[in-house]
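As the structure is a computational prediction, the values presented were derived from the model and not from experiment.
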Amino acid sequence: MSTGRIGTVAAALVGALALAAFTAPAAEAADTGIAVSKVVLNKGKPIVVGTTAEVEPTISFHVSWPSGYTQSTVDFDPFLYHGTSAAKGADSGGIYPGSYTCYDSGTHAADCEGTLYIDPPHRLDSNSDATTWKLAFHAMLWTKSGQVKSEEYLTGKGSVAVKRAAKVTVNASPEPVKKGKTLTVTGKATRADWVKHKYAAYGSKLAKLQFRKAGTSTYSTVKTVRANSSGALKTTVKASVDGYWRWTFGETATTGGATAAGDYVDVK
């Protein structure tokens, strides 16, 4: 971390506030001399978003600006966009900063860290939003009188997959069960629907049925089962020893993975 704190961009910028932050008075697009490097977004991992819970992906970066300017007369706001140009993405449909703090790193540079902000009902309104989003920075130089001198969009700063969150449940019955008898294991796979903002069936999803013997810490895969069109999972196994049963599946290009909490079955 650099030597001195130079400023904080505060508050969750949502709705009209976020839009206002990216629609400053028009200025002719021009090279600002602002440069951004060393970007790390969400620790290099996909951003997985559900239906209602706010998500704040982390971001850190290094920024420098021309001599003659201070942190109070430059802007370099990060945002995510997809399916359009950076300029259009900045005006609407983007994912904007939550808050970030910058620390001195030389005379005209800073190291910054903070978050972006995603409120699913207000920011994600289509399942096609589950795709790769590009990272850009809206760079601006201001005059001392508060007018925009020049601005530009710094693109090619990275990308990240934004994915629909998934869930899976499990139930093994009967409980308890006699050794050697049939145990039925059911469950349901669902994933976030960003149109209806609720979890909906994850039909035809392949899931692994796993078992962990009581007193151990490792699950082993017993079989793989495909969910029906309603996301329902069902299979049977022979009961042999006490232990925990669960369903699990990995992530895809558009949807996160999910693992159920183990359901304990006592075998008599």
Side-chain angles (χ1 to χ4, degrees), residues 12-15 18 40-60 78-84 89 92-100 114-135 158-172 185-210 212 219 221 224-234 244-263:
L13 297 176
V14 294
V40 179
L41 177 58
N42 203 42
K43 300 180 180 178
K45 300 177 180 180
I47 300 171
V48 181
V49 184
T51 57
T52 58
E54 299 169 355
V55 177
E56 296 182 276
T58 59
I59 187 170
S60 62
F79 66 97
L80 299 175
Y81 69 99
H82 76 92
T84 185
S92 63
I95 293 174
Y96 307 117
S99 64
Y100 60 91
T115 62
L116 301 177
Y117 177 82
I118 306 173
D119 182 13
H122 297 97
R123 185 51 50 199
L124 302 172
D125 57 10
S126 170
N127 291 324
S128 63
D129 287 335
T131 187
T132 298
W133 291 61
K134 299 175 183 178
L135 175 66
S159 62
V160 64
V162 177
K163 301 186 178 186
R164 301 160 66 181
K167 296 180 179 181
V168 65
T169 61
V170 66
N171 183 60
V185 186
T186 60
K188 186 168 185 178
T190 58
R191 60 176 169 174
D193 184 330
W194 291 336
V195 177
K196 299 178 180 179
H197 295 291
K198 64 180 183 180
Y199 280 83
Y202 196 177
S204 301
K205 181 61 181 175
L206 277 175
K208 295 178 180 179
L209 176 66
Q210 296 185 328
R212 176 170 66 87
Y219 278 90
T221 298
T224 300
V225 176
R226 187 178 297 277
N228 65 16
S229 60
S230 299
L233 294 158
K234 184 177 181 179
Y244 300 84
W245 295 90
R246 73 180 186 184
W247 294 106
T248 184
F249 53 80
E251 63 183 0
T252 69
T254 62
T255 306
T259 299
D263 186 19

Exercise for review: Flag the pair W194 / V49 as yes when at least one side-chain heavy-atom distance between them is below 4.5 Å, and no otherwise.
Suggested key: yes
Task: Main-chain N/O of A261 paired to W247 side chain as donor or acceptor, under 3.5 Å - done: no
Next item on the list: State, with a plain yes or no, whether a side-chain heavy atom of L233 is found less than 4.5 Å away from one of T186.
Entry: no
| query | Any donor-acceptor pair under 3.5 Å linking the side chain of N228 with the backbone of S230? | reply | yes
message = Tell me if the centroids of the rings in F249 and Y202 come within less than 6.0 Å of each other.
response = yes
Exactly one of L80, I47, L41 clears side chain to side chain contact (heavy atoms under 4.5 Å, CB included) with W133, and that residue is L80
Of all heavy-atom pairs linking S126 and S128, the shortest is OG-OG, 2.7 Å
Taking every heavy atom of A192 against every heavy atom of T51, the minimum-distance pair comes out as CB-CG2, 3.7 Å
Quick one: does H122's side chain have a donor or acceptor within less than 3.5 Å of a partner on D119's backbone?
no
How about N171 and V185: do any of their side-chain heavy atoms sit closer than 4.5 Å? no
dist R164:CZ -> T252:OG1 (nearest 0.5 Å) comes out at 9.0 Å
Between P120 and G50, the two heavy atoms sitting closest are CB-O, 3.7 Å
Can T248 and Q210 be counted as having a side-chain donor-acceptor contact under 3.5 angstrom?
-> no
For P97 and L116, the nearest pair of non-hydrogen atoms, with its separation, is CA-CD2, 3.9 Å
Interatomic distance, CD@E54 vs CZ@R123, rounded to 0.5 Å, equals 12.5 Å
Interatomic distance, OH@Y117 vs OG@S99, rounded to 0.5 Å, equals 11.5 Å
Rounded to the nearest 0.5 Å, the NZ atom of K163 sits from the OG1 atom of T132 at a distance of 9.0 Å
A201 and S229 have their tightest heavy-atom pair at CB-O, 4.1 Å
Applying side-chain contact (heavy atoms from CB on, under 4.5 Å) to V195 and N127, what does each step give before you reach the verdict? CA-CA 7 Å; V195 177; N127 291 324; 4.2 Å; yes
- [ ] Output yes when a side-chain donor or acceptor of D193 lies under 3.5 Å from a complementary backbone atom of H197, and no otherwise.
- [x] no
*asked:* Both conditions, 6.0 Å and 45 degrees, for the charged tip of R191 above the ring of Y199: are they met here?
replied: no
Answer whether the closest heavy-atom distance between the side chains of T115 and Y100 falls below 4.5 Å. no
Self-check item: Heavy atoms from other residues, nucleotides or ligands near NZ of K205 exceed 12 (cutoff 6.0 Å)
Solution: yes
So CG of D263 and CZ of R246: to nearest 0.5 Å the spacing works out to 13.0 Å
Taken to the nearest 0.5 Å, the spacing of Y219 OH from R212 CZ works out to 4.5 Å
Looking only at heavy atoms, the pair that brings P78 and I59 closest together is CB-CD1, 3.7 Å
- Task: May I ask you to test the D129-V162 pair for a side-chain heavy-atom distance under 4.5 Å?
- Result: no
